[in-house]
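Here is the structure we will look at, set down as structure tokens.
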There are 2 protein chains.
Amino acid sequence: MSHTLGIRQAQKQKTRQALMDSALQLLEHQSLSSLGLREVTRAVGVAPAAFYRHFTDTADLGVALVEQALGSLHDTIRAAIVTTGASEERIHRAVALIAAQVRTHPAHVRFIARERHGGVAPVREAIGVQLRRFADEVAEALGADPQSTGWTSADLRMLAGVYVDHMVMTASALLEGDESDEESILTTARAQLRLVTLGRRHWLD
Amino acid sequence: MSHTLGIRQAQKQKTRQALMDSALQLLEHQSLSSLGLREVTRAVGVAPAAFYRHFTDTADLGVALVEQALGSLHDTIRAAIVTTGASEERIHRAVALIAAQVRTHPAHVRFIARERHGGVAPVREAIGVQLRRFADEVAEALGADPQSTGWTSADLRMLAGVYVDHMVMTASALLEGDESDEESILTTARAQLRLVTLGRRHWLD
DNA sequence: CCACTCAGTAAACAGCTGTTTGCTGAAGTT
DNA sequence: AACTTCAGCAAACAGCTGTTTACTGAGTGG
């Protein structure tokens with residue numbers, strides 16, 4: 001199925017990835033709307049004109065970064081959804097997954113949190129589309145749970161939105177605080193999930 | 001107490017406010033980290049060097065904008081807190097207040113949502129401080145409610161965090177969608193608040 | 001009235017920006 | 001072996017950036 005691509009295309013993809021990696025690094029201390037094309041090529045070590053062989057814009061680069069960053073998040077979310085057991089266990093596991101994602105891909109997480117409401121419209125929209133897709137997946141998984149009998153699909157979607165937003169907020173809070181804050185942030189996140197779980201349990205009263 | 005300030009200081013404050021207003025307008029389509037000092041002075045119609053009479057940096061301008069934007073929000077929040085009545089009424093009033101704030105000060109709201117996780121550290125921190133202050137106020141008000149007897153102050157703070165985050169997210173969602181989405185966004189926001197209210201009611205079980 | 005303060009000015013500085021151009025040479029094709 | 005493709009290059013373009021300088025002239029207070 002996967003045809004080994006030629007030396008040429010392989011090199012091109014390597015450069016493309018290098019551009020994206022350098023951009024992600026530069027975005028740790030600024031936002032996409034101020035990221036210069038020359039700045040990126042300089043960091044990679046290629047000529048400015050080479051940029052145009054891969055992207056039309058820094059906004060275009062940003063959209064590509066969204067796919068990459070949310071691709072890795074997607075696996076995490078799928079894992080969090082499949083999880084089974086008592087709600088307290090599930091909460092612990094979900095929060096641990098978030099913490100792990102922040103630890104292993106901090107730049108990706110920062111990028112998403114920052115550009116979600118950022119100044120570059122196409123990137124903002126790309127993130128919005130993907131997060132909505134995540135929420136839909138979560139809603140579907142929630143619907144499969146026996147605890148959700150009697151729920152309307154709109155209410156399931158509403159609940160899923162709470163979970164997704166909470167995930168992003170918690171991840172962002174972990175990035176903002178230093179390591180000494182981690183424990184209390186995670187404790188708060190778990191308490192908030194517990195609160196939502198309680199609300200969920202009594203939704204149909 | 002309030003000495004009428006001279007013509008001179010009045011003019012200075014007027015220019016300063018003009019700089020802030022123009023900046024806020026320019027920030028509708030970009031983020032602070034890409035906002036140029038010349039860009040702002042050009043929009044106001046003053047010389048670039050005049051900028052330094054008021055701010056050292058665009059970051060400095062940003063911090064000033066935080067105070068202004070969250071000042072107006074502060075009144076809204078105070079109003080939302082004081083509200084009384086059945087929880088369903090309170091939810092409707094709180095959501096209506098958010099919608100009103102977004103309608104009357106869209107640029108301020110957008111600025112806060114955008115720069116909350118933005119690329120300019122001092123501004124990010126200023127927003128963080130103010131939102132934490134809001135959350136503390138909310139927590140205090142919640143503590144005064146008879147429904148909160150038996151709650152630890154940490155749990156009250158946790159709940160207040162949910163409310164504040166939810167407010168910002170809802171406001172941002174209203175900005176992102178067009179007017180035709182408003183009704184469904186508000187409906188979802190109310191449902192989410194209902195969910196939290198239920199969780200709150202059963203917290204001590 | 002006169003000395004002083006100081007918000008805003010105009011001009012110049014080096015250094016940066018995105019984009020276009022024609023080129024080079026390795027990789028791919030026949 | 002001859003021919004085509006095309007990723008990356010060096011150079012040049014106009015236009016922008018933040019910052020400093022010495023200045024002007026209206027507002028202020030004794």
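In this text, all values refer to a predicted model and were calculated from it rather than measured experimentally. Note on naming: letters A, B, ... go to the chains in the order of the sequence lines (proteins, then strands), and numbering restarts at 1 for each one.
The Arg8(B) side chain lies nearest to dT28(D) when the options are dC9(D), dT28(D), dT19(D). The Val46(A) side chain lies nearest to dC9(D) when the options are dG8(D), dT5(D), dC9(D).
Closest approach of Leu195(B) to Val162(A), counting heavy atoms only: CD2-CG2, 4.5 Å. The two atoms that bring Ala160(A) and Val138(A) nearest to each other are CB-CG1, 3.8 Å, heavy atoms only.
Arg16(B) comes within 4.0 angstrom of no nucleic acid atom, judged by non-hydrogen atoms across all strands. As judged by a 4.0 angstrom heavy-atom cut-off over every strand, Tyr52(B) is placed among the base-contacting residues.
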Open item on the list: Please evaluate residues His117(B) and Met169(A) with respect to the criterion side chain to side chain contact (heavy atoms under 4.5 Å, CB included), reporting the C-alpha separation (whole Å), side-chain torsions for both, the decisive distance (0.1 Å), and the verdict.
Closed with: CA-CA 10 Å; His117(B) 308 285; Met169(A) 292 305 264; 4.3 Å; yes
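Rounded to an integer number of Å, the gap from Phe55(A) CZ to dG8(D) P is 11 Å. Straight-line distance from the CD atom of Gln11(A) to the C1' atom of dG8(D): 10 Å, rounded to whole Å. Following rounding to the nearest Å, Arg53(A) (CZ) and dC9(D) (C1') show an atom-to-atom distance of 10 Å.
Note on Thr15(A): every side-chain N or O is 4.0 Å or more away from OP1 and OP2 of dA7(D).
Just one residue in the list Met167(B), His92(B), Glu88(B), His166(B) forms a side chain to side chain contact (heavy atoms under 4.5 Å, CB included) with Leu193(B), and that residue is His166(B). Screening Arg132(A), Arg78(A), Arg157(A) for a salt bridge (Lys or Arg N to Asp or Glu O under 4.0 Å) involving Glu137(A) leaves a single residue, Arg78(A).
Side-chain atoms of Arg114(A) come within 3.5 Å of backbone N or O of Gly118(B) as a donor-acceptor pair.
Each of Ala49(B) and Lys12(B) has a nearest nucleotide on DNA chain C; the 5'-most of these lies closest to Lys12(B). If Gln9(A) and Arg38(B) are placed on DNA chain C by their nearest nucleotide, the residue sitting closer to the 5' end is Arg38(B). A residue-by-residue look at Arg42(B) and Ile7(B) shows that Arg42(B) has its nearest nucleotide of DNA chain D further toward the 5' end.
With a cutoff of under 4.0 Å to any heavy atom of chain A, the contacted region of DNA chain C is bounded 5' to 3' by dT17(C) to dG28(C).
Heavy-atom neighbours of Gln25(A) CD from other residues, nucleotides or ligands within 6.0 Å: at or below the threshold of 12.
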